[in-house]
Protein chains: 2
Amino acid sequence: MDDAKQQPKPADSLDDVFRALADPTRRALLDELKGGARTTSQLVALFPEMTRFGVMKHLKVLEDASLVLTRKEGRLRWNHLNAVPLRQMYERWVSQYEDQWAGSLLRLKDKIEQNSQGE
Amino acid sequence: MDDAKQQPKPADSLDDVFRALADPTRRALLDELKGGARTTSQLVALFPEMTRFGVMKHLKVLEDASLVLTRKEGRLRWNHLNAVPLRQMYERWVSQYEDQWAGSLLRLKDKIEQNSQGE
DNA sequence: TTCATATGTGACAATACAGTCACCTATTAA
DNA sequence: TTAATAGGTGACTGTATTGTCACATATGAA
């Protein structure tokens, strides 16, 4: 009876962030940016299996989600990783109390797998 | 020439987790589970805009991603939230050093928005 | 056993998304 | 100015995903 029946998705506040992270190519882009800022062309060169437009579209999705911040310098565009949305996403379900044990479990796991702390 | 040309996605290790979190309904399910374990029927009752099968399919995706752990008790299935994959996902891009400032920025943001720590 | 409740599953339709094409603008060097 | 490089965009197609149906299994109560 109400006309709001075709509402396709609830879409919470961090929707852009989650959708951006759903694609493995975009995650790989963030992996590259973790090492430092990159220009768009540098990123394109790192993904030869995809066209330039494909990479740029992914960058736009990441930028819309504020996961990537950009700064123009002449005709170059430097892409930076922004960790704040990642933190917000994480804290949505993990309170600072639970944080303790989740972090502990992971550190234990890492310790077991690495079995040494060199490097 | 090689027959491995149709590989559709890179798909890193946490792929299931990211894909599971991409859907707002699944995130809403996790929101409910943050308050404590729920049976499948309880969750179905909380989402009247979707069929039972829809909810169960989402639960299966979450379970495959280890974001939800289940325990059977008679004919009830209790669904629990598991925060470990969330932590892994977060730590992929945020080292423990960066963790400092990202967390600080967020706490600052919360402080500004709440403007009181009363609660 | 019989019935009701809670859960599990294969096949299907509508929609959303990833990736591509061709074409365009802006900055730098000669 | 001309040429080369870096970046930007609308429209299209194949595939993946979401949400639905009907049907099936398992546990608990009467």
Side-chain angles (χ1 to χ4, degrees), chain A residues 4-12 15-30 32-33 37-65 67-80, chain B residues 4-12 15-30 32-33 37-65 67-80:
Chain A
K5 60 182 172 184
Q6 272 299 62
Q7 191 176 6
K9 293 282 182 180
D12 45 75
D15 189 60
D16 289 343
V17 177
F18 290 109
R19 289 225 331 279
L21 291 173
D23 185 88
T25 302
R26 287 195 285 267
R27 296 197 294 272
L29 281 167
L30 293 182
E32 289 299 331
L33 294 183
R38 299 277 186 279
T39 68
T40 303
S41 293
Q42 286 176 328
L43 291 173
V44 168
L46 287 168
F47 293 84
E49 72 277 10
M50 195 181 321
T51 63
R52 185 174 59 87
F53 192 29
V55 173
M56 288 187 60
K57 209 152 69 170
H58 283 306
L59 280 175
K60 172 147 183 52
V61 174
L62 290 169
E63 197 177 357
D64 289 344
L67 284 164
V68 165
L69 306 179
T70 64
R71 187 169 50 84
K72 292 213 52 164
E73 179 183 310
R75 59 178 165 179
L76 300 180
R77 193 181 80 161
W78 290 96
N79 302 275
H80 300 255
Chain B
K5 60 181 172 184
Q6 271 300 61
Q7 190 177 5
K9 293 283 181 180
D12 45 74
D15 189 59
D16 289 342
V17 177
F18 290 109
R19 288 226 332 279
L21 291 173
D23 185 90
T25 302
R26 288 194 284 267
R27 295 196 295 272
L29 280 167
L30 293 182
E32 289 299 330
L33 294 182
R38 299 276 186 280
T39 68
T40 303
S41 293
Q42 287 176 327
L43 292 172
V44 169
L46 287 168
F47 293 83
E49 73 276 11
M50 195 182 317
T51 64
R52 185 174 60 87
F53 196 165
V55 173
M56 288 187 61
K57 210 151 69 168
H58 282 307
L59 279 175
K60 171 144 182 56
V61 174
L62 290 169
E63 196 177 357
D64 288 344
L67 284 165
V68 166
L69 306 178
T70 65
R71 187 169 49 82
K72 291 214 52 165
E73 179 183 310
R75 60 177 163 178
L76 301 180
R77 193 182 80 160
W78 290 96
N79 302 275
H80 300 254

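Below, all heavy atoms of this structure are taken into account, side chains as well, without hydrogens, waters or symmetry copies. Predicted model, so just to flag it, every value in this text is computed and none were measured. Proteins get letters first, then strands, A, B, ... in listed order; numbering begins at 1 in each.
- Applying the 4.0 Å criterion to OP1 and OP2 of C:dT20, one finds that A:T51 has a side-chain N or O inside that range.
- In this structure, the CG atom of B:L43 is 12 Å from the P atom of C:dG8, given to the nearest Å.
- In this structure, A:F18 places its CZ atom 15 Å from P of D:dT18, rounding to the nearest Å.
- Comparing atom distances between the A:R19 side chain and each of D:dT18, C:dC17, C:dG19 picks out C:dC17 as nearest.
- Of the possible donor and acceptor atoms, none in the side chain of B:R38 sits under 3.5 Å from a partner among the backbone N and O of B:L43.
- Under the salt bridge (Lys or Arg N to Asp or Glu O under 4.0 Å) criterion, B:R19 pairs with B:D15, not counting sequence neighbours.
- Rounded to an integer number of Å, the gap from A:D23 CG to D:dT17 P is 11 Å.
- Rounded to whole angstrom, the span from the CZ atom of A:R26 across to the P atom of C:dG19 amounts to 8 Å.
- You'll find the side chain of A:L30 reaches within 4.5 Å of the side chain of A:L21, heavy atoms only.
- Projected onto DNA chain D by closest heavy-atom contact, A:K60 and B:A22 fall at different nucleotides, the more 5' of which corresponds to A:K60.
- Using a 4.0 Å cut-off, some side-chain N or O of B:H58 falls inside it from OP1 or OP2 of D:dG19.
- B:E49 places its CD atom 14 Å from the C1' atom of D:dT20, with the value rounded to the nearest Å.
- Distance, B:R71 CZ to C:dA6 P: 17 Å, rounded to whole Å.
- Contacts of B:G54 with the nucleic acid, taken as non-hydrogen atoms under 4.0 Å apart, include base atoms.
- Atom CZ of B:R27 is separated from atom C1' of D:dT17 by 15 Å (rounded to the nearest Å).
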- [ ] Starting at the 5' end of nucleotides 2-7 of chain D, put B wherever the base has a protein heavy atom under 4.0 Å, S where only the sugar-phosphate does, and a dash everywhere else.
- [x] --BBSB
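- Listed by chain and number, the residues in a side chain to side chain contact (heavy atoms under 4.5 Å, CB included) with A:T70 are A:E63, A:V68, A:R77, A:N79 (sequence neighbours excluded).
- C:dT7 atom P lies 14 Å from atom CZ of B:R38, rounded to whole Å.
- In terms of position along DNA chain C, the nucleotide closest to B:V44 lies nearer the 5' end than the nucleotide closest to the other residue of the pair B:K57 and B:V44.
- A:A20 approaches A:R26 most closely through the heavy-atom pair O-NE, 2.6 Å.
- Of the possible donor and acceptor atoms, one in the side chain of B:R27 sits under 3.5 Å from a partner among the backbone N and O of B:A22.
- The side chain to side chain contact (heavy atoms under 4.5 Å, CB included) test with B:M50 singles out one residue from B:K57, B:M56, B:H58, and that residue is B:H58.
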